[in-house]
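One structure is given here, and the rest of the page talks about it.
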Amino acid sequence: MTGAEGLVWKWIGAGTSPVDWCEGNYTVTPHIAEFVNTITNIVFLVVPAASTKLWLSYARHVSRGIHIIWFFYVVIGLSSAYFHATLSLLGQLLDELSILWVLMVSYTLFTPVMYRPKFLRSNQRLYAACMVALSVLITASAFVQPAINAYALFIVGLPAVAMLVVEMRVMKDTSVVRLSKITLAALILAATCWVCDRFLCAMWQALDLTVLHGLWHVLIFITAYSMQVLFCYLHAVQDVPESRPELRYWPRRTWALPYVFCPAPTHQKTP
């Protein structure tokens, strides 16, 4: 193997990632390293595609940027599936960086103005440029220490959790408060699954229960999607009130898949 081939293999070769989850490798098929961890990413592919039509009124009256979020969800699902199927370093970085970028895009487009730094509140372009610069910086650092990227992502997500907790304490709409509580509960369960799978693997292997990371995928999707719904709603309520946003569910009125419906047209759209 030449030097160039060795460098390429370092990135794309199976098992080149420093991260290996608790699920046994190649136990179901010789073509997929972690079978359960791979197939559970289907939620990131199916739900955003199925819900796109539900968000048409929001895209029309508040921000077309919501379609970018759903695109990144699909990228996350494909990247994570590729990573768990191969355990390659490239797969790991694609998985983690796609999560980073969907977080940063969401912060850029849907953070209510009141939570932005004061000197950036009146200048959306400068705020977006700062977020892009921060994203590029974190992306570059991800290539230096790939093993700590997952912990960095938790830190990047903390501001969203903090804002949600603050809003939940003052929100009067009971349906929004209910969804906020469900979101935080799902986050706690997801984080518990992630930590247990990462640090207590020997115990779960002894119990023949090594699917916690796959369960993390499902729970973190519920958390991420619900949190996106909530911040889209808050952004519309606080910054585009003329859109008259409503929290709705499909196919039932009070449960299942939440989304934000905006019945009133508006002549002004946010980026």
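Note that the coordinates shown come from a computational prediction; the quantities given were computed from them, not determined experimentally.
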Listed by chain and number, what are the side-chain hydrogen bond (donor to acceptor under 3.5 Å, both in side chains) partners of Ser80, not counting sequence neighbours? Asn41
Apply side-chain hydrogen bond (donor to acceptor under 3.5 Å, both in side chains) to Gln205 and list each qualifying residue two or more places apart in sequence or on a separate chain.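 None.
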Sorted by chain and number, sequence neighbours left out, ring-ring contact (aromatic ring centres under 6.0 Å, His included) with Trp70 holds for Trp55, Tyr73, Tyr225
Sequence neighbours left out, what passes ring-ring contact (aromatic ring centres under 6.0 Å, His included) with Phe44? Give chain and number order.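 Scan of Phe44 (ring-ring contact (aromatic ring centres under 6.0 Å, His included), adjacent residues dropped) gives Phe221.
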Excluding sequence neighbours, so at least two apart, what forms side chain to side chain contact (heavy atoms under 4.5 Å, CB included) with [X]?
X      : value
Tyr151 : Ile148, Trp194, Arg198, Phe199
Ser57  : Arg60, His61, Phe261, Cys262
Ile42  : Val46

Under a single-linkage rule joining Ile, Leu, Val, Met, Phe, Trp and Tyr whose side-chain heavy atoms are separated by less than 4.5 Å, which residues share a cluster with Val74?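 Its cluster mates, by chain and number, are Leu45, Leu78.
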Tell me the disulfide bond (SG atoms under 2.5 Å apart) pairs involving [range], sequence neighbours left out?
range           : answer
residues 12-98  : Cys22-Cys201
residues 67-141 : none
residues 51-119 : none

Spatial distance of atom CE (Met227) from atom OG (Ser106) [nearest 0.5 Å]: 9.5 Å
Check whether more than 12 heavy atoms from other residues, nucleotides or ligands sit under 6.0 Å from atom CH2 of Trp101, and answer yes or no.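 Yes, the 6.0 Å shell around CH2 holds more than 12 heavy atoms from other groups.
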Selection residues 23-43 - residue pairs positive for ring-ring contact (aromatic ring centres under 6.0 Å, His included), sequence neighbours left out: none
